[in-house]
Undergrad: 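Questions regarding the structure given below will be posed in turn.
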Amino acid sequence: IFDAFISLEPDLAAHILALRLQWIGIALVPAAMVHLSDALLATTGLPSRGRRRRIVRVLYAIGTLFAAGAALTDLVVIPELSTGTIFLRAMPLFWVYAAYFLGANIFAFINVQRARLRCLTRSTQRRMAYLQAAFLTPALGLFPFSAFLFPPGEEASLSVLTLVNIGNLIIVFMLIFLSYPLSFFGSDQPDRVVKVELLRFLLRGPGTGLLALAAIVLTVDASRILGLMGEDFLVLAGVGLVLLWQWTIALALPWLEKWLVY
């Protein structure tokens, strides 16, 4: 959300505020990963007896402190203007956050490994292996490497932007890949039903959002389309594309379900 807001080129104060508020997610992701790993371990018949639950709560509290520190102070990161672009630079407490991030993700990965070893059937072992392979990708993708990795003035270079975009694409695919095994754990429905529901969600949810975003990007900067200004054509393009996509899904779903599921 904040990335989309920043792409609209707000004024300096709003840009800095959006960058700082991004740390709400960045700071809480490690605790969320531990929370997810604890839930996976519980599905294998080993619920928390209190210790893991307390660790999750402590990690959420620490993440909240880092989020507040990044949003309200300059102790974690500080805004810096470089080559006409605003970035957040690492401050001393950033390295404390890095240690918290590393420790939480190692603990989460160990929990998933324990859950994998406790799986009894080949299918659940296979799905847990898929999950473990991609488990840390979202967290690593959200870690703010740009705060210390790239030299000043190089954040907007072609090589850096290419690397960032490749990383974002990998994260998107890994999130989709993660959603597949996670859909089965804790569900009492047959596997085929779970697969069909996941397919419908991906097409009607993220698929619709992606097409709407493409319509905005392709029309908002256009001078004229079918005799209309690009901004005036945007509403028609967005609504028309969403409706056409929903109709296409309704026609294609029976074939896709037969090919991919049944």
Side-chain angles (χ1 to χ4, degrees), residues 1-3 6 16-42 46-80 82 85-117 128 131-155 160 163-164 166-168 170-172 174-175 177-178 182:
I1 295 176
F2 292 120
D3 282 337
I6 291 172
I16 294 176
L17 178 62
L19 287 176
R20 289 185 179 276
L21 290 179
Q22 282 184 323
W23 269 79
I24 297 175
I26 293 173
L28 294 177
V29 159
M33 300 302 289
V34 173
H35 197 172
L36 174 59
S37 69
D38 177 62
L40 289 172
L41 198 53
L46 189 63
S48 173
R49 291 176 294 182
R51 185 176 58 182
R52 294 202 314 267
R53 190 181 302 114
R54 287 193 294 269
I55 291 175
V56 169
R57 292 173 180 172
V58 169
L59 289 176
Y60 273 120
I62 294 174
T64 301
L65 291 177
F66 278 117
L72 303 176
T73 73
D74 292 334
L75 297 176
V76 182
V77 288
I78 188 170
E80 184 175 296
S82 177
T85 306
I86 303 172
F87 294 92
L88 295 180
R89 285 292 173 195
M91 294 300 284
L93 280 184
F94 179 89
W95 305 108
V96 181
Y97 164 78
Y100 152 76
F101 178 92
L102 181 63
N105 280 283
I106 290 176
F107 182 63
F109 190 82
I110 292 174
N111 282 345
V112 177
Q113 175 64 17
R114 293 174 63 191
R116 179 185 175 185
L117 295 176
M128 192 67 76
L131 186 60
Q132 191 176 26
F135 186 75
L136 298 182
T137 305
L140 294 176
L142 288 174
F143 187 83
F145 292 101
S146 60
F148 69 94
L149 189 60
F150 303 131
E154 295 294 327
E155 298 91 341
V160 172
L163 181 63
V164 169
I166 292 175
N168 288 337
I170 294 174
I171 293 168
V172 169
M174 286 297 102
L175 286 174
F177 185 75
L178 277 174
L182 284 175

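Hydrogens, waters and symmetry mates play no part in the numbers below; they use all other heavy atoms, side chains included.
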Undergrad: How about Leu46 and Arg52: do any of their side-chain heavy atoms sit closer than 4.5 Å?
TA: yes
Undergrad: Sequence neighbours excluded and cut-off under 3.5 Å, please list the side-chain donor-acceptor pairs for residues 56-73, or say none.
TA:
residue : atom : partner : partner atom : Å
Tyr60   : OH   : His35   : ND1          : 3.1
Thr64   : OG1  : Tyr60   : O            : 2.8
Thr73   : OG1  : Gly69   : O            : 2.5
Thr73   : OG1  : Leu75   : N            : 3.3

Undergrad: What's the shortest heavy-atom distance between Ala27 and Tyr100, and which atoms?
TA: O-OH, 2.9 Å
Undergrad: Answer yes or no: is there an ion pair linking Asp74 with Arg89, defined by an N-O contact shorter than 4.0 Å?
TA: no
Undergrad: Can you tell me how far the CZ atom of Arg116 sits from the CZ atom of Phe109, to the nearest 0.5 Å?
TA: 8.5 Å
Undergrad: How many angstroms lie between atom CG of Leu102 and atom CD1 of Ile106, to the nearest 0.5 angstrom?
TA: 4.0 Å
Undergrad: Determine yes or no for a side-chain-to-main-chain donor-acceptor pair under 3.5 angstrom, with Ser37 supplying the side chain and Asn111 the backbone.
TA: no
Undergrad: Can you see which heavy atom on Asn105 is nearest to which on Met33, and at what distance?
TA: OD1-CG, 4.1 Å
Undergrad: Measure the spacing between CD of Gln113 and CG of Leu41 and express it to the nearest 0.5 Å.
TA: 11.0 Å
Undergrad: Can you give me the closest heavy-atom contact between Ile26 and Tyr97, atom names plus distance?
TA: O-OH, 2.8 Å
